Amino acid sequence: MDFKDDDRAREIGLTRLSKAVSRALRHEPWLFELELDEHGWTSTDGLLEALRREIPEWSDLELADLPMLIDFAAKPRHEIQGQRIRALYGHSTPGAIALVAATPPAELFHGTSPESIGSIFSGGLQPMSRQYVHMSADAETAVRVGSRKSKHPVILTIDTVAALASDVTFYRGSDMVWLARHVPAEFIRILRAG
Ligand code: HQG
């Protein structure tokens, strides 16, 4: 990325743009008159058209601006392939988005609030308002995610080797983010209490 990109990123307000794209691709595509296919893809043309209408700063948004969303983010949230774009994870849209099953690292992490622990250890990790339970490959991300829920998040580890052996399916969101429809309590341990 050169200085020109930096200026452009500021001009279009990249954080605000990333939030709008996540809203369109994870949560409320209909507000942007978009339809997602079963893998979460939608056309970049449709997305750009909707974004150009959102705020004046985005009225000249082009396809070439979209890769900045990925390049400037601390972690990838979106994926672009030619003329189509999708969110890698985080979906709450009705109708499950089908992801490809994959083998995760032997241990995954999940940060949550102390208040949720009782329910997690009785019913396992549930997707709640999203389509999938979200876990991370590193403990630091779990601390950050858990800190959005509580000042003193509880950090859980998931034994994916045992879970895979019991037919729990994992899906890769990105290198760092892994997903599952449900993680039974027997595979979950407390790494750090809140
Ligand atoms: C909890 C971010 C009670 C769960 C992050 C969590 C993440 C239960 C909350 C992604 C439960 C759901 C998602 C049960 C789970 N009983 N509570 N049985 N099972 N919970 O926000 O995982 O930065 O929907 O522990 O990186 O916090 O936006 O999910 O506290 O990957 O790109 O229910 O969002 O990505 O909360 O975060 P959320 P999350 P971005």
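When a ligand or atom number is given, it counts from 1 through the structure's own listing order. When a residue number appears, it is its place in the shown sequence, counting from 1. Predicted model, so just to flag it, every value in this text is computed and none were measured.
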So which protein heavy atom does [atom] come closest to, and at what separation?
atom: atom 10 (C) of ligand 1; value: H134 CD2, 3.7 Å
atom: atom 21 (O) of ligand 1; value: K149 NZ, 2.8 Å
atom: atom 26 (O) of ligand 1; value: K75 NZ, 2.7 Å
atom: atom 17 (N) of ligand 1; value: S116 CB, 3.6 Å
atom: atom 34 (O) of ligand 1; value: R148 NH2, 3.0 Å
atom: atom 16 (N) of ligand 1; value: S119 OG, 2.5 Å

Of the listed options ([options]), which comes nearest to [atom] when hydrogens are ignored and any heavy atom counts?
atom: atom 20 (N) of ligand 1; options: R130, H110, H78, M128; answer: M128
atom: atom 28 (O) of ligand 1; options: R77, K19, M176, R26; answer: R26
atom: atom 39 (P) of ligand 1; options: V145, I188, L88, L156; answer: V145

Identified side chain to side chain contact (heavy atoms under 4.5 Å, CB included) partner of F109 from the options L191, V145, L156: L191
Listed once per pair and sorted, the ring-ring contact (aromatic ring centres under 6.0 Å, His included) pairs that draw on residues 27-63, sequence neighbours left out: none
Min side-chain heavy-atom separation L179-H134 under 4.5 Å: yes
